[in-house]
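Let me begin by presenting the structure, written as structure tokens, before commenting on it.
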Protein chains: 2
Amino acid sequence: MPRGHCRGQWWWRGRVYGCGYRLTAGREAILGLLSTSKEHMSAEDIYMKIHTAYSNVGLTTVYRTLELLSDLGMICKLDFGDGRARYELAEGVQGVRHHHHLVCTGCNRVVEYTDFIDKEVELLKETEKGLEEKYHFKITGHVIQFSGLCDRCSCK
Amino acid sequence: MPRGHCRGQWWWRGRVYGCGYRLTAGREAILGLLSTSKEHMSAEDIYMKIHTAYSNVGLTTVYRTLELLSDLGMICKLDFGDGRARYELAEGVQGVRHHHHLVCTGCNRVVEYTDFIDKEVELLKETEKGLEEKYHFKITGHVIQFSGLCDRCSCK
DNA sequence: ATTAGTAATGGAAACCATTTTCAATAAGGA
DNA sequence: TCCTTATTGAAAATGGTTTCCATTACTAAT
């Protein structure tokens with residue numbers, strides 16, 4: 001499937017409708033925002049941005065939509081340790097590459113890195129397989145995240 | 001330093017006092033509990049257990065102590081995604097080995113695994129070094145965690 | 001010991017991200 | 001159109017964690 005066909009509302013519509021849900025204006029706005037923004041936004045961030053254009057979309061709906069899209073595997077919920085969840089498009093959607101995060105504990109800046117990913121993925125696969133066999137788990141996800149101080153914060 | 005000398009209040013006392021803090025009964029109780037228990041306890045779990053013997057130790061103090069010990073690097077704060085933080089002795093303390101966690105998203109059971117750790121550590125070190133150079137971070141920690149369904153939960 | 005200064009404490013209240021409740025509305029199928 | 005079900009927003013509830021504040025416990029100096 002050529003990547004060019006994987007973008008925009010048509011792709012989402014199929015996936016959302018295909019699962020028996022409706023693609024309402026609010027849901028579409030949230031998907032649109034997530035797919036164009038590079039930041040990792042919290043529910044409130046999203047609510048704020050959406051609210052300017054769609055003043056009738058409430059915070060509750062944002063939370064509900066994020067949960068739904070997360071359940072459908074279209075977005076990922078992230079935890080950078082600052083007490084609020086962040087969201088990003090899931091791997092594969094709109095050409096999102098496998099990547100991990102590097103978080104500054106000083107200013108909460110997040111770097112999305114893809115360096116060393118090949119080796120990581122290789123080890124990941126191996127480890128997953130081993131763990132599944134040894135502990136009889138069906139592994140569905142993983143978190144790999146580094147934390148530390150960015151250059152600006154470590155100078156202080 | 002032989003491992004036998006690294007256990008109990010004397011070891012803690014030195015480390016806590018050495019940083020200019022006092023080793024109060026509450027703090028000692030919490031350290032004692034964490035060093036003998038195998039579970040990953042939440043602040044409330046700890047409060048409950050401590051409270052039976054030291055009924056004068058409040059939940060606030062438990063939270064404060066956990067933060068302190070975490071800052072001192074004696075314990076680690078963990079997040080298994082159920083909305084409450086868990087704690088365990090830090091790597092190196094009382095012979096705690098480097099390990100990672102495998103979490104069941106069905107029942108929240110946690111498996112502490114050390115399999116594949118050597119390879120992981122190797123990759124980890126390499127990745128850390130690379131990330132530090134490329135992004136000018138001083139890396140201080142990492143999270144590697146797998147999630148999935150355990151055998152009991154995947155049968156349902 | 002006594003004192004003075006600081007660290008540590010607990011209970012209550014505040015905080016704040018997220019969920020739940022509930023009544024109203026919108027959308028799709030018959 | 002009517003009917004059933006999905007979706008919604010506002011307000012209230014939830015629940016883990018922090019903050020406030022007045023009190024108590026240490027420790028070092030006198």
Side-chain angles (χ1 to χ4, degrees), chain A residues 9 12-31 40-72 74-87 105 108, chain B residues 9 12-31 40-72 74-87 105 108:
Chain A
Q9 47 196 323
W12 306 330
R13 183 172 291 272
R15 186 124 169 201
V16 172
Y17 269 79
C19 293
Y21 298 100
R22 299 173 189 166
L23 188 60
T24 59
R27 289 177 181 173
E28 199 154 0
I30 291 172
L31 272 165
H40 299 94
M41 286 177 292
S42 68
E44 181 134 25
D45 292 337
I46 293 169
Y47 169 69
M48 294 302 226
K49 298 215 174 184
I50 295 285
H51 203 258
T52 62
Y54 302 81
S55 61
N56 52 332
V57 173
L59 183 55
T60 309
T61 294
V62 173
Y63 273 106
R64 273 189 291 230
T65 301
L66 290 171
E67 190 187 1
L68 174 68
L69 297 177
S70 194
D71 287 347
L72 295 184
M74 299 172 73
I75 65 174
C76 281
K77 191 176 183 176
L78 307 170
D79 172 29
F80 296 145
D82 66 341
R84 69 189 60 194
R86 313 266 163 173
Y87 300 85
T105 53
N108 288 321
Chain B
Q9 45 197 324
W12 306 330
R13 184 173 290 273
R15 187 125 169 200
V16 172
Y17 269 79
C19 292
Y21 298 100
R22 300 173 189 165
L23 188 59
T24 60
R27 289 177 180 173
E28 200 155 359
I30 292 172
L31 272 165
H40 298 95
M41 286 177 291
S42 67
E44 182 135 25
D45 292 337
I46 293 169
Y47 170 69
M48 296 300 227
K49 298 216 174 186
I50 295 285
H51 203 259
T52 61
Y54 302 81
S55 61
N56 50 332
V57 173
L59 183 57
T60 308
T61 295
V62 172
Y63 273 106
R64 273 189 292 230
T65 300
L66 291 171
E67 191 187 0
L68 175 67
L69 297 176
S70 194
D71 287 347
L72 294 184
M74 299 171 73
I75 65 174
C76 282
K77 191 176 183 177
L78 307 170
D79 171 28
F80 296 145
D82 66 342
R84 69 189 61 192
R86 313 267 165 172
Y87 299 85
T105 52
N108 289 321

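Worth saying up front: this structure is predicted, and the values here are computed from it rather than measured. Naming convention: chains lettered A, B, ... in sequence-line order (proteins, then strands); numbering from 1 in each chain.
- When rounded to the nearest whole Å, the span between CG of A:Leu59 and C1' of C:dT19 equals 11 Å.
- In summary, A:Asp45 and A:Arg86 engage in a salt bridge, as defined by a charged side-chain N under 4.0 Å from a carboxylate O.
- In this structure, B:Leu23 places its CG atom 10 Å from P of D:dT27, rounding to the nearest Å.
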Protein-nucleotides 14-17 of chain C N/O pairs closer than 3.5 Å?
{"unit_1": "C:dA17", "atom_1": "OP1", "unit_2": "A:Arg84", "atom_2": "NH2", "d": "2.6"}

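- For the pair A:Leu23 and A:Tyr17, the tightest heavy-atom approach, listed with the atom from each and the gap, is N-CE1, 3.4 Å.
- A:Asp79 places its CG atom 14 Å from the C1' atom of D:dG16, with the value rounded to the nearest Å.
- Closest to the B:Tyr21 side chain, of the nucleotides C:dG11, C:dA8, C:dT18, is C:dA8.
- Between A:Tyr47 atom OH and A:Thr60 atom OG1 the span is 8.5 Å, to the nearest 0.5 Å.
- The minimum heavy-atom distance linking B:Ala29 with B:Tyr54 is given by the pair CB-CE1, 3.6 Å.
- Atom P of nucleotide D:dT8 and atom CG of A:Leu68 are separated by 9 Å, given to the nearest angstrom.
- Rounded to an integer number of Å, the gap from B:Leu69 CG to C:dA8 C1' is 14 Å.
- Comparing C:dT9, C:dA12, D:dT17 against the side chain of B:Thr60 picks out C:dA12 as the nearest.
- Atom CG in A:Asp45 sits roughly 15 Å away from atom C1' in C:dT18 (whole-Å rounding).
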Where protein sits on nucleotides 22-30 of chain C, one letter per nucleotide: B base, S sugar-phosphate only, - none, heavy atoms under 4.0 Å: -----BS--
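- Distance CG (B:Leu78) to P (D:dT17): 12 Å, rounded to an integer number of Å.
- Atom pair B:Lys77:NZ and D:dT18:C1' shows a separation of 11 Å (rounding to whole Å applied).
- Annotation: B:Phe80 is in aromatic contact with B:His40 [ring centroid separation under 6.0 Å].
- A donor-acceptor contact shorter than 3.5 Å links the side chain of A:Thr52 to the backbone of A:Lys49.
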Just list the side-chain donor-acceptor pairs under 3.5 Å for residues 63-70 of chain B, sequence neighbours left out, or say none.
{"unit_1": "B:Thr65", "atom_1": "OG1", "unit_2": "B:Thr61", "atom_2": "O", "d": "2.8"}

Residues B:Trp12, B:Met74; criterion side-chain contact (heavy atoms from CB on, under 4.5 Å); working and verdict: CA-CA 9 Å; B:Trp12 306 330; B:Met74 299 171 73; 4.2 Å; yes
